[in-house]
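Just so it is clear, the structure is predicted and the values come from calculations on it, not from any experiment. Both backbone and side-chain heavy atoms feed into the values below; hydrogens, waters and symmetry mates do not.
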Amino acid sequence: MATLREVAARAGVSTATVSRVFSRPEAVSPDTRAKVFTAAEALSFTPNPTARSLALGRTHNLGFLVPDIRNPVFGPAVETAQDRARERGYSLFVAAGEGRSADELDLVRAIARQVDGLVLIAPRMSDTDLEDLARVTPVVLVNHTCGELPAVLLTSDDGMSQAVDHLADAGHTAVTYLGGPDYWLAQRRRLTAFTTACAARGITGTVLGPLEPDFVVAGRNAADELVRTGTTAVVAYNDQAAVGLMQGFAEHGLRAGRDYSVVGFDDSWLCEMTSPPLTTVHLAFDDAGVTAIDLLCDVLDGKTAPDAGPVELATHLVVRSSTVTAGLPVG
């Protein structure tokens, strides 16, 4: 393997110049950079990544925190984030929240000094804690906002409006929303979008919740009350709650798509595994993973404007068989 000294001799420059080309290329003239790169290519020279990281003051590691590793919706985000991080020269450390804000904070503090930056999906930490964390290492948020920190938001408005329209077109004059935890921004946005959509269609919108994880169990337990009230159309906070709800209704001898309509939120792989397949609102978590890594890398490279605002990714309804699509006689 060629050495730094051999590259320097071939390019006719000092070893310090070669080192500078690979650690701080902007500090070297274009002509000199070209000579060094040509020499390095001819000698098949690859700079030592550890040495380069030390020179740059970087680890070339990124942290990626998901709130619940069991939730299937986060898999695509992790997969695409890992691929994009690799493309941009980073390794990705994935961690899962413990379900409590204090545990989550301890976790990110433990890894913050071992990475160049963090992506946090729906963190439960306070704004004060997030701002303190951002003073230690760059932070990008997904489905959460905090001051001027870079963020990626999966907006609820379009998908929720399409879901309510779909149910209203099927003949439902009343729809129930199974709400998620109040401490998540996504819940607050979905609830607002739900009430707005119901008002726009002139139908009755009721709310049951908030649900707490385990979502499948919470959804199953909610079925008893919904059967008692005669509910025939439900939008659940996420796919897991919708699956639990379908299980609970089945225990009463009722079937989705025949006796009632249910819509989930996320479009995780669970939707194709239910019987019948679940109608749901698609959230582009795969795009969110890529976008968040790009934002973080841009911050590290000094390319992100401080007042750029959140990047918003639209949602849309995916119709399957868990909803009655026409002529439902509402009970």
Side-chain angles (χ1 to χ4, degrees), residues 61-69 71-88 90 92-97 101 104 107-108 111-112 115-127 129-131 133-134 137-160 180-181 183-193 237-239 265-268 280-316 318:
N61 299 320
L62 303 176
F64 197 87
L65 181 77
V66 298
D68 182 0
I69 199 68
N71 191 327
V73 74
F74 299 126
V78 172
E79 183 177 11
T80 57
Q82 183 169 267
D83 290 343
R84 180 52 60 93
R86 187 181 298 114
E87 289 172 4
R88 299 198 61 159
Y90 291 88
L92 195 69
F93 293 168
V94 180
S101 57
E104 187 178 77
L107 177 63
V108 294
I111 65 174
V115 297
D116 295 333
L118 288 164
V119 173
L120 309 178
I121 297 183
R124 293 183 58 181
M125 290 175 281
S126 69
D127 285 358
D129 288 336
L130 285 171
E131 289 165 353
L133 180 66
T137 190
V139 172
V140 171
L141 306 174
V142 177
N143 259 11
H144 192 83
T145 57
C146 175
E148 295 184 355
L149 292 182
V152 181
L153 299 180
L154 296 151
T155 58
S156 299
D157 296 23
D158 289 343
M160 183 65 80
Y183 47 77
W184 280 345
L185 175 65
Q187 155 63 15
R188 300 193 294 273
R189 286 176 169 251
R190 289 174 199 177
L191 177 57
T192 298
Y237 170 75
N238 64 10
D239 292 340
F265 240 91
D266 287 342
D267 198 18
S268 64
T280 190
V281 175
H282 176 79
L283 274 64
F285 267 103
D286 49 353
D287 292 340
V290 171
T291 303
I293 293 298
D294 282 341
L295 274 178
L296 184 55
C297 290
D298 287 347
V299 169
L300 293 171
D301 293 340
K303 297 178 181 178
T304 300
D307 58 349
V311 176
E312 296 194 354
L313 304 179
T315 55
H316 65 272
V318 178

Using the test side-chain contact (heavy atoms from CB on, under 4.5 Å), find all partners of [X] that sit at least two apart in sequence or belong to another chain.
X	result
Ile111	Leu118
Pro138	Leu296, Val299, Leu300
Glu312	Leu153, Thr155
Pro76	Asp286

Least distance between heavy atoms, [X] atom then [Y] atom:
X	Y	value
Ser156	Arg190	OG-CG, 3.0 Å
Thr145	Pro310	CG2-CG, 4.5 Å
Ala95	Leu107	CB-CD2, 3.8 Å
Leu313	Ala284	CD1-O, 4.0 Å
Ala134	Val139	CA-CG2, 4.0 Å
Pro181	Tyr237	CD-CE2, 4.2 Å

Check: [Y] and [X] side chains under 4.5 Å, non-hydrogen atoms:
X	Y	answer
Glu104	Asp129	no
Trp184	Arg124	yes
Asp127	His144	yes
Leu120	Leu141	yes
Met125	Val108	yes
Asp239	Val73	no
Arg188	Leu191	no
Asp116	Thr137	no

**OP:** Give me the ring orientation class for Phe74 and Phe285: parallel if the planes are under 30° apart, tilted from 30 to 60°, perpendicular past 60°.
**Re:**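 Perpendicular: the ring planes of Phe74 and Phe285 meet at over 60°.
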Given 3.5 Å as the limit, does a donor-acceptor pair link the side chain of [X] with the main chain of [Y], or not?
X	Y	value
Asn143	Leu185	no
Thr280	Phe265	yes
Gln82	Leu92	no
Asp267	Leu283	no

**OP:** Under the side chain to side chain contact (heavy atoms under 4.5 Å, CB included) rule, what do Asp287 and Thr80 come out as? Steps first, then yes or no, please.
**Re:** CA-CA 7 Å; Asp287 292 340; Thr80 57; over 6 Å; no
Original post:
Should we count CD of Glu79 as having more than 12 external heavy atoms under 6.0 Å?
Top reply: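 12 or below, so no.
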**OP:** For Arg88, check side-chain hydrogen bond (donor to acceptor under 3.5 Å, both in side chains) against everything at least two apart and list the hits.
**Re:**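 By the side-chain hydrogen bond (donor to acceptor under 3.5 Å, both in side chains) rule, Arg88 matches Asp294, Asp298.
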Subject >> Residues in salt bridge (charged side-chain N to carboxylate O under 4.0 Å, His left out) contact with Asp68, at least two apart in sequence or another chain >> reply: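 Testing Asp68 for salt bridge (charged side-chain N to carboxylate O under 4.0 Å, His left out), a comparison that skips the adjacent residues, returns Arg70.
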